[in-house]
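Please read the structure below before turning to the comments.
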Amino acid sequence: MNKICFFKILCYELKRMLFNRLFLGLLLMNGLSAWFLLSYDIIRGTAYTAPFSVWSYCTYLGRTLPVAAVTVLLLLSSYYSKKQRQVEVLTAAAPFSPFDQVTIRTVTAGICFLLISLVVILLALLFYMRLFGFRDFAPFILPSVLLLLPCFIFVNGLGQLLGSLHCGLIYVLMMAVLVLCNVTGAFDLFGAGYFSSVPLTLPAGADGEPAFTVGAGFIAARLLYLAFGAACIYLTAALSARKSRKA
Amino acid sequence: MRLFSLYRVEFRRLLLSRTAAIAAILSILSLPLGNLLTAFSGGRSMSAHYILTPVLTGTTAGAIVWAVVMILEADRLQRSGVHVLTDAVAPPAFLSAARTLALMTLSAAVTVLTALVYLPCTASKMSYLFSPGFYFANFMVFMLPTWWVSILFADALYQITRRIELTCILYIALAGVSISGIAASDYFMRWINPFVITYSDGFPTIWPLRIGLYTRVLWLGIALGTWLFSILCIRRYQRGLVFSILRNIQKLSVLIPAVMFVTAGILLWDFQPFIDHGPDEYVASDNVWEIDDANRISAIRYSLDLDPATGTLSAKAEYDIQVPCRGEDVLNLNPGYAITKMTYDGEDIPFRTVDSDINGQRPTYFELPEQLCSKTLVIEYSGLPTQGKYWSGSMVRDTIDRDYISLSSVAIVPILENYYTGVDEAAVADITIPDNLTPFLNHELMTDSVDNGDGTRTWRARCPKYIGDLTAGYYTVDAFRIGDLAVDFAYGTAYEEIVAENDIQQTIIDILTYGTEHYGELFSANNNHLLLRQESAMFGGGYALRGVSTWFETVLAPDTLSDTDKGASATEVFIHEMLHQWWGGLGLSCADEELWSSEGLTVYSTYRLVKEKYGELYAQQYYIDAWKEAVDEQNRSFYNRHPEYLDLLPELYQAQIRSANKVINQYQRMPLMILKAEELVGGEDKMDEILRQMYMAREEYNYENDFRYADFLRCCGLTEEDLNLE
């Protein structure tokens with residue numbers, strides 16, 4: 001498939017997804033839940049740190065991630081619904097490989113996830129600026145990438161793999177995501193538990209707050225999630241290719 | 001007839017449905033989850049542990065389960081693609097109604113079944129405290145209507161969206177509002193998880209059931225209205241939502257009831273008679289009353305008739321006023337009461353009540369004609385007492401029930417701020433209540449009564465113009481003496497066995513003896529008389545006044561008394577409240593400052609007594625270590641390190657953080673500072689000597705000249721820097 005065709009399909013998929021009432025509703029819900037989180041919880045600060053510390057910001061982002069992850073899974077479920085399977089015979093006839101198809105789905109879901117994350121992050125920045133007059137946002141960039149990227153790749157990869165096996169499994173994964181919220185320590189997929197508990201174990205600095213640091217274990221776990229998610233995406237494409245060869 | 005036959009088909013199908021069976025099993029099994037997730041730690045009444053928590057858990061869990069079933073059932077025809085056929089056979093609105101009704105019937109049957117399944121276990125666990133009526137009422141008031149509301153909302157959302165995932169999202173959002181922190185202490189917003197503070201074993205009140213039923217009716221109205229509106233969203237001619245609504249809206253027979261039900265729900269919410277419409281926080285008053293010498297009342301007669309069947313009070317207050325105030329005057333009453341008549345010298349006088357509730361009071365303005373001779377002002381009022389909004393999330397203070405009555409301040413008699421009586425007990429109160437209750441007026445046991453022969457008894461007592469407390473319940477009063485001190489120990493009749501088994505009387509003697517030996521004779525007893533009274537668990541805590549110590553109910557609960565590892569909490573509150581007879585209350589009058597108050601001394605004294613009673617290790621673990629931990633947390637808190645940011649927060653958060661800080665300062669930081677003072681002055685014996693001297697000098701201090709932190713430092717011969725914990 002040439003690049004023009006790929007981008008045409010990608011644009012079509014994006015249009016289909018972004019201008020969908022479901023997505024807009026979910027985006028609104030993400031925004032609302034994030035604002036409530038900021039106003040009722042993060043405003044107090046995490047683990048005795050400032051509400052605008054990187055610790056509190058990461059905790060906030062981590063708490064919004066389960067909702068964003070469920071949103072991505074809901075969007076993915078539409079690719080693996082029964083109706084979608086019925087038209088698979090037609091889409092299989094299109095001149096693009098299963099790898100392209102999975103890539104398009106991943107990019108579409110990724111852009112949706114990015115949009116949601118942007119809304120969530122912008123709300124936090126607005127909140128910090130308006131309430132505390134805080135504007136030094138540069139330290140937030142790297143932790144944001146560290147939280148968002150592995151989480152998306154993992155949820156998207158696993159979601160696509162399970163969806164390709166059985167559409168009902170995506171809903172099971174949604175439930176599992178809610179369970180994953182409670183995982184603490186290095187393997188905390190969303191990071192909220194990690195970033196709200198680690199500062200309690202660190203000594204306070206001159207300004208009374210523990211310096212922001214991320215443990216090697218946590219980074220290794222993020223890389224593992226990233227690799228696992230990427231492997232799932234590859235496996236989904238491979239399974240899909242095998243299926244179309246059989247057909 | 002058609003609807004009924006459809007309903008019968010649907011109900012029979014549901015009875016055989018595997019999904020419905022699973023839902024029923026899940027709903028029944030969910031009840032014990034509440035107690036499993038929140039490990040029982042004592043401090044709760046048996047009714048709260050064995051009835052309230054399971055029922056509320058089952059209510060919320062079941063509501064979600066039945067909503068899922070409803071959504072699956074609503075989507076079933078569309079999922080299988082036969083809706084085109086069924087819509088041709090029966091109107092979709094009828095099908096939807098039959099399906100919803102069938103599921104509601106099934107959920108009702110499951111509610112009864114759930115109650116029956118847990119009945120033997122609950123009855124045996126609660127033993128003599130078990131009341132079958134109260135047990136079943138909880139299921140019928142909380143569980144069943146909430147399940148129905150959930151089913152109606154789920155079906156309505158599906159009919160509106162026609163998409164299973166959107167329905168789920170909207171339902172989660174709707175439930176989320178109820179479960180989130182926004183509705184934490186809101187009786188009315190919590191539609192899926194009803195809010196009940198707790199239950200009392202010894203002093204049962206049906207107030208939670210009353211407000212529970214009211215909120216369920218309110219939400220049923222809103223849910224039914226929404227469901228009827230959703231009928232208007234049923235798709236027509238395979239067209240979209242907007243087109244279908246425009247076509248269906250012509251059915252006024254559906255639209256009008258839909259609007260009526262929703263409006264009724266909203267009106268019920270707005271005009272609810274349980275909580276006043278005042279601010280969420282206590283508002284400090286800066287009113288300074290100019291009481292003229294002439295504004296004297298020579299005599300007062302109060303006549304109160306309490307009706308437990310309706311929970312209302314009908315009362316008359318008569319004031320013999322020597323010389324009335326000039327100009328407009330004001331009286332404050334509970335916002336739930338309405339003044340039915342106000343006369344002065346037999347003539348009606350105009351008055352106006354203003355809807356500006358503050359601190360659980362509503363003002364009424366009136367003007368008395370200027371006459372120089374003594375006339376009688378008569379105020380007749382009645383109604384259902386409301387709870388002040390600022391305390392309604394933590395306790396139930398004003399309630400009139402068959403088995404328990406608790407009224408405070410303006411929920412008993414009006415407050416006429418501008419008048420004074422000049423004598424301590426200028427009033428005579430006649431109070432009519434059910435004849436099986438033991439009443440206390442202003443914390444004194446009432447003794448003089450007349451049997452009315454109709455199941456009620458009228459009690460008479462002399463009292464001051466202001467009545468702060470009227471409590472009546474099933475009390476047993478044990479009277480005993482410790483030297484010259486006469487003690488009345490009043491506790492719930494339900495606790496008779498526990499009091500006898502645990503030798504509570506001896507514990508009281510130990511505490512009073514300890515206090516007397518260490519700090520001196522108890523001056524705060526009223527004419528050498530002390531009343532120790534158990535309060536209902538609904539009250540939320542204990543307090544001490546002149547000659548009175550109260551503590552909350554669960555201090556005497558079996559689980560509390562048998563749990564020796566639990567640390568400094570419920571059982572020791574008993575000791576704490578008793579020690580307030582020496583510190584604060586009307587012992588040594590301490591100033592209430594940010595850091596210093598009577599609480600610091602009382603907590604320290606409790607620690608010393610506990611140390612003597614349970615040993616040094618116990619006291620170290622549950623007192624000193626706990627204080628240090630709390631103080632350390634406070635020191636680390638961002639807003640304490642940067643108070644300039646605190647001012648940037650919304651007022652509500654500022655108030656919450658400041659109030660939490662004050663609690664830690666008074667209950668943890670101060671005791672730790674006193675402990676440091678103990679080390680600096682030369683040990684426990686020396687500290688006891690200083691405390692004894694402080695207590696003996698109590699007459700030098702009063703509410704105008706409180707004992708302050710500086711006085712404490714002076715007594716210890718220390719400076720502020722000496723006690724700095726940093």
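Chain A is the first sequence line, chain B the second, and so forth, proteins listed ahead of strands; every chain is numbered from 1. Predicted model only: the values in this text are computed from it and were never measured.
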Check your understanding: Going through the distances and angles, do B:Leu649 and A:Phe132 end up as a side chain to side chain contact (heavy atoms under 4.5 Å, CB included)?
Key -> CA-CA 8 Å; B:Leu649 295 185; A:Phe132 303 105; 3.9 Å; yes
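Of all heavy-atom pairs between A:Pro51 and B:Tyr639, the closest is CG-OH, 3.2 Å. Among all heavy-atom pairs drawn from B:Arg636 and A:Leu200, the shortest one is NH1-O, 3.8 Å. When all heavy atoms of A:Asp207 and B:His642 are compared, the closest pair comes out as O-NE2, 4.0 Å.
Within the 4.5 Å cutoff, the side chain of B:Tyr645 has no heavy atoms near those of the A:Phe134 side chain. Using a 4.5 Å cut-off on side-chain heavy atoms (C-beta onward), A:Leu74 and B:Cys168 make no contact.
Note on B:Ile169, B:Leu170, B:Leu166, B:Ile172: by heavy-atom pairs under 4.5 Å with chain A, the leading option is B:Ile169. Among A:Ser39, A:Ala204, A:Ser77, the residue with the largest count of heavy-atom pairs under 4.5 Å with chain B is A:Ser39. For the set A:Gly208, A:Gly133, A:Gly45, A:Gly25, the entry with the most heavy-atom pairs within less than 4.5 Å of chain B is A:Gly208.
The local environment of CZ in A:Phe187 is sparse, with at most 12 non-hydrogen atoms from other residues, nucleotides or ligands closer than 6.0 Å. For B:Lys628, the NZ atom is loosely surrounded, since the number of other residues' heavy atoms within 6.0 Å does not exceed 12. Residue B:Glu651 qualifies as open at atom CD: its count of foreign heavy atoms under 6.0 Å is 12 or below. Within 6.0 Å of atom CG in A:Leu126, more than 12 heavy atoms from other residues, nucleotides or ligands are found, so the atom counts as buried in its surroundings. In this structure, A:Tyr12 places its OH atom where only 12 or fewer heavy-atom neighbours from other residues, nucleotides or ligands lie under 6.0 Å away. Within a 6.0 Å radius of CZ in A:Arg16, other residues, nucleotides and ligands contribute more than 12 heavy atoms.
Between the OH atom in A:Tyr48 and the CG atom in B:Asn640 there is a gap of 11.0 Å [rounded to 0.5 Å].
If you measure heavy-atom distances from A:Ala50 to chain B, the contacts under 4.5 Å come from both the backbone and the side chain. Both the backbone and the side chain of B:Glu633 have a heavy atom closer than 4.5 Å to some heavy atom of chain A. Contact of A:Leu32 with chain B is not made at all, since no heavy-atom distance falls under 4.5 Å. In this structure, chain B has no heavy atom under 4.5 Å from any part of A:Asp41. Only the side chain of B:Arg641 comes within less than 4.5 Å of a heavy atom of chain A; its backbone N, CA, C and O stay farther away.
Aromatic ring pairs are classed by plane angle as parallel below 30°, tilted from 30° to 60° and perpendicular above 60°; the pair A:Tyr40 and B:Tyr653 is perpendicular.
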